[in-house]
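A short worksheet on the structure shown next.
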Amino acid sequence: QVHLVESGGGLVQAGGSLRLSCAASGRTFSSRDMGWFRQAPGKEREFVGLISWSGGDTVYADSVKGRFTISRDNAKNTLYLQMNSLKPEDTAVYYCAAKVVGSWVQIQNQRMYEYWGQGTQVTVSS
């Protein structure tokens with residue numbers, strides 16, 4: 001019931017910035033907590049951060065805290081990930097995901113997310 005499409009990925013030099021977008025379908029977007037995940041080659045999918053349905057609360061992984069910012073515009077059905085001070089280790093495919101309805105339990109677990117986008121590649125060169 002929720003269709004997600006990421007965009008904005010690309011190639012950027014270390015220290016640069018990039019903003020990812022996630023366009024969501026339907027009228028249910030505004031009621032969903034939304035997360036960002038990433039997966040580097042040969043590694044498991046990793047939790048990046050989460051934003052509440054209203055946009056009032058956010059949680060970030062330690063690896064990106066202070067550099068990445070999640071926001072949303074419910075009027076536009078769009079989720080954002082602003083990435084600053086990018087490092088080569090940030091290179092990965094980035095996915096947006098809609099969390100299952102409920103409390104914030106095990107929010108870093110991808111099994112707590114019901115819908116996923118196809119991903120967008122972010123490559124950070126050194």
All salt bridge (Lys or Arg N to Asp or Glu O under 4.0 Å) counterparts of Glu89, not counting sequence neighbours:
none
Where do Gln110 and Trp116 come nearest, in terms of heavy atoms and distance?
O-CZ2, 3.4 Å
Under 4.5 Å between any side-chain heavy atoms of Val122 and Thr91, yes or no?
no
Flag the pair Trp104 / Val59 as yes when at least one side-chain heavy-atom distance between them is below 4.5 Å, and no otherwise.
yes
Please check if Tyr95 and Tyr115 belong to a single hydrophobic cluster, counting links between Ile, Leu, Val, Met, Phe, Trp and Tyr side chain heavy atoms closer than 4.5 Å.
no
Do Met83 and Trp36 touch side chain to side chain, with heavy atoms closer than 4.5 Å?
no
Could you grab the distance from atom CG of Asn77 to atom OG of Ser30, nearest 0.5 Å is fine?
7.0 Å
Non-hydrogen atoms of Gln118 and Glu6 that approach each other most closely:
N-OE1, 2.9 Å
Would you please test Leu50 and Thr58 for side-chain contact (heavy atoms from CB on, under 4.5 Å) and show each step?
CA-CA 5 Å; Leu50 174 68; Thr58 53; over 6 Å; no
Walk me through it: do Thr78 and Asp73 pass the test side-chain hydrogen bond (donor to acceptor under 3.5 Å, both in side chains)?
CA-CA 5 Å; Thr78 304; Asp73 187 337; over 6 Å; no
For Gly119 against Val93, the heavy-atom pair lying closest together:
CA-CG1, 3.8 Å
If you compare all heavy atoms of Leu4 against all heavy atoms of Ala97, which two are closest, and at what distance to 0.1 Å?
CD1-CA, 3.8 Å
Do Leu18 and Phe37 share a hydrophobic cluster, counting only Ile, Leu, Val, Met, Phe, Trp and Tyr and linking them when any side-chain heavy atoms are less than 4.5 Å apart?
no
Linking I/L/V/M/F/W/Y whenever their side-chain heavy atoms sit closer than 4.5 Å, directly or via other members, would Val48 and Tyr80 fall into one cluster?
no
Can you classify the ring geometry of Tyr94 versus Phe68 as parallel (below 30°), tilted (30 to 60°) or perpendicular (above 60°)?
tilted
Mind listing the closest non-hydrogen atom pair of Leu79 and Cys96 along with its distance?
CD2-CB, 3.9 Å
Would you say that Ile51 contacts Asp33 through its side chain, given a criterion of any heavy-atom pair below 4.5 Å between the two side chains?
no
Trp53 ring centre to Arg72 NZ or CZ under 6.0 Å, with the angle to the axis within 45°?
no
With sequence neighbours left out, write down each residue that passes side chain to side chain contact (heavy atoms under 4.5 Å, CB included) with Asn109, or none if nothing qualifies.
Gln106, Arg111, Met112
Residues Arg67, Asp90; criterion side-chain contact (heavy atoms from CB on, under 4.5 Å); working and verdict
CA-CA 11 Å; Arg67 299 187 299 118; Asp90 294 319; 2.7 Å; yes
Out of curiosity, does Ile70 fall in the hydrophobic cluster containing Val2 (side-chain heavy atoms, cut-off under 4.5 Å, transitive links)?
yes
4.5 Å side-chain heavy-atom contact, Phe47 and Tyr113:
yes
Testing the basics here: between Arg38 and Ala92, what is the closest heavy-atom pair and its distance to 0.1 Å?
CB-CB, 3.8 Å
Side chains of Glu46 and Ser63: closer than 4.5 Å at any heavy-atom pair?
yes
Between Asn84 and Ser17, do the side chains contain a donor N or O and an acceptor N or O under 3.5 Å apart?
yes
